[in-house]
Amino acid sequence: MNATLEINAIKEWLPHINNPLLISGPCSLETEKQTIETAKLLAKDPRVFVYRGGVWKPRTRPGSFEGVGSIGLKWLQLVKQETGLPVGTEVANAQHTEEALNAGVDIIWIGARSTASPFVVQEIADVLKGSNAVVMVKNPVNPDVQLWLGAIERVYQSGIKNIVAIHRGFTPFKETIYRNYPNWTTVIELRRLMPNLPIICDPSHIAGKREYLFEIAQKAFDMGMEGLMLESHIDPSCALSDAAQQLTPAELARLLDRLVIRHATANNPEFENRLDMLRSRIDAIDSELLEMLSSRVEIVKQIGQYKKENNVTALQINRWSQLMDNRVNIGKKLDLNETFVKILFQLIHEDSVRMQTEIMDTE
Ligand code: PEP
Ligand code: MN
């Protein structure tokens, strides 16, 4: 299967949408009162298009609150009746999916832990056959774009065209202040592989803390995401799950007020002309960069040959350390990001050593 899946735009199943797709509601539904009161406050804000509420909660460790179960579906029905908002919940097996569809849940999503398991995704996809549900697929816990893509394809193969991907961050594999590392490169890769797939961001599970929600949400719009899923609760400090990352509906509204929504194009010829001009300068600089790299390769090859004739090793660790320190220092003076310069020269050096060993190993 390739990138030409006929996945519908959000507008196809939510025709009145006039803003990015905003989904909000509690991490977990806890009581009927908490469910309805949160929903009523959210429904007053025209920027909220869908109500979310977890009823089956996949908790990392046993003993935590695992959701109210099927009774929560009844509360979601009440939300629909009383507010008119479409409702969504997470499903993690065939039974959940059947129950959610029977209860008229409009949107179901596959959680990060489930996306990482093809058997679970297939089991859910099999139940989805023939339904007109909207299905959202969160990224798997590990930054494996193929696993994410595979889950989307399984859902698509069961006849579902209303699909949205949700970026909720990845189990931290490097130091981060966030609960889940955003690793935007994985999201960019998904976008490249499936350009017509709507992708929204879940800043709540990335941030893990209220204080980081705004910066992640803004970054999501800067990166062209088509919406947000943000957890909210009538009284977050008393929430039975994810208390530190949920907002009251009023705090949510304040956060939304501050966000700048960006568009794929400006629909303004003057902007397009100036952008084209700046891009052609970038194109010219990139081609100069490549020509300079090619001149560097020529010299690397001469060095490789010279070392070979004198039986000297390709890798010379002292030279490498000095080179790296020197390049990072020059980069700093030029206001270049230190990590960027390090990674760039690691790549350049790695390729130089590869070329030199190739020269040494050919007769
Ligand atoms: C959730 O949305 O409440 C949830 C459990 O999310 P995730 O699968 O992203 O951890
Ligand atoms: Mn949660």
Side-chain angles (χ1 to χ4, degrees), residues 21-30 34-35 38 42 48 50-62 64-69 72-73 75-76 87-93 96-97 100 105-117 120-121 124 134-144 147-148 151-152 155 164-172 176 178-183 186-187 190 199-210 212-213 216-217 220 225 227-248 252:
L21 172 64
L22 177 66
I23 302 175
S24 192
C27 176
S28 301
L29 300 186
E30 298 164 5
Q34 168 249 10
T35 302
T38 310
L42 290 172
V48 177
V50 175
Y51 182 80
R52 67 150 277 159
V55 302
W56 298 287
K57 300 301 301 175
R59 307 311 297 278
T60 305
R61 306 275 306 275
S64 329
F65 176 62
E66 295 195 329
V68 292
L73 299 175
W75 304 342
L76 286 177
V87 293
T89 200
E90 170 173 352
V91 297
N93 60 33
H96 295 163
T97 314
V105 169
D106 308 280
I107 294 173
I108 62 168
W109 77 84
I110 301 178
R113 295 158 193 78
S114 305
T115 305
S117 168
V120 170
V121 175
I124 295 170
V134 175
V135 180
M136 304 201 171
V137 183
K138 288 201 172 193
N139 63 258
V141 284
N142 51 328
D144 180 345
L147 205 50
W148 198 359
I152 291 161
V155 171
V164 173
I166 305 180
H167 169 225
R168 53 75 79 193
F170 303 89
T171 303
T176 174
Y178 304 125
R179 176 177 173 194
N180 287 298
Y181 190 74
N183 209 45
T186 305
V187 188
L190 182 69
I199 308 180
I200 67 169
C201 179
D202 169 351
S204 306
H205 290 91
I206 293 175
K209 287 201 180 113
R210 279 181 278 285
Y212 303 133
L213 291 173
I216 300 285
M225 306 280 105
L228 300 173
M229 180 187 261
L230 278 160
E231 288 183 340
S232 56
H233 190 289
I234 190 91
D235 186 5
S237 61
C238 295
L240 297 182
S241 60
D242 292 352
Q245 71 194 28
Q246 303 200 61
L247 297 169
T248 63
L252 175 74

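Since we're looking at a predicted model, the values are computed, not measured. Atoms within each ligand, like the ligands themselves, are counted from 1 in listed order.
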| message | Before you tell me yes or no, could you show the steps for Thr38 and Tyr51 under side chain to side chain contact (heavy atoms under 4.5 Å, CB included), namely the whole-Å CA-CA distance, both residues' side-chain angles and the distance that decides it to 0.1 Å? | response | CA-CA 9 Å; Thr38 310; Tyr51 182 80; 4.1 Å; yes

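Between Ser24 and Leu42, the closest side-chain pair of non-hydrogen atoms falls below 4.5 Å. Two residues are said to be in side-chain contact when any heavy atoms from C-beta on lie closer than 4.5 Å; Leu240 and Lys57 fail this criterion. Between Lys138 and His205 the shortest side-chain heavy-atom distance falls below 4.5 Å. With a 4.5 Å cut-off on side-chain heavy atoms, Pro236 and Arg210 count as touching.
Evaluated by nearest non-hydrogen atom to atom 10 (O) of ligand 1, the leading choice among Glu90, Met136, Glu231, Arg168 is Arg168.
Taking distances strictly below 2.8 Å, the protein N/O/S atoms close to the Mn ion (ligand 2) are Cys27 SG, His205 NE2, Glu231 OE2, Asp242 OD2.
Per-residue contacts place Arg113 under 4.0 angstrom from the following atoms of ligand 1 (heavy atoms of the residue considered): 7 (P), 8 (O), 10 (O). Listed by number with element, the atoms of ligand 1 under 4.0 angstrom from any heavy atom of Trp109 are 2 (O). Within ligand 1, counting atoms from 1 as listed, the ones closer than 4.0 Å to a heavy atom of Ala112 are 8 (O). Taking every non-hydrogen atom of Lys57 and a distance limit under 4.0 Å, the qualifying atoms of ligand 1 come out as 1 (C), 3 (O), 5 (C). Atoms of ligand 1 lying under 4.0 Å from at least one heavy atom of Gly111, given by number and element, are 8 (O).
By the 4.0 Å N-to-carboxylate-O rule, Glu231 lies close enough to Arg52 to be salt-bridged with it.
The minimum heavy-atom distance between Met136 and Ile166, with the atom names listed, is CB-CD1, 3.7 Å.
Considering only residues two or more places apart in sequence or on other chains, Trp56 meets the ring pair (Phe, Tyr, Trp, His ring centres under 6.0 Å) condition with His96.
Distance CH2/Trp75 to OG1/Thr89: 11.5 Å, rounded to 0.5 Å.
Here the heavy atom of the protein found nearest to atom 4 (C) of ligand 1 is His205 NE2, 3.5 Å. Considering only non-hydrogen protein atoms, atom 6 (O) of ligand 1 sits nearest to Lys138 NZ, 2.9 Å.
In this model, no donor atom of one side chain and acceptor atom of the other lie less than 3.5 Å apart for His233 and Asp242.
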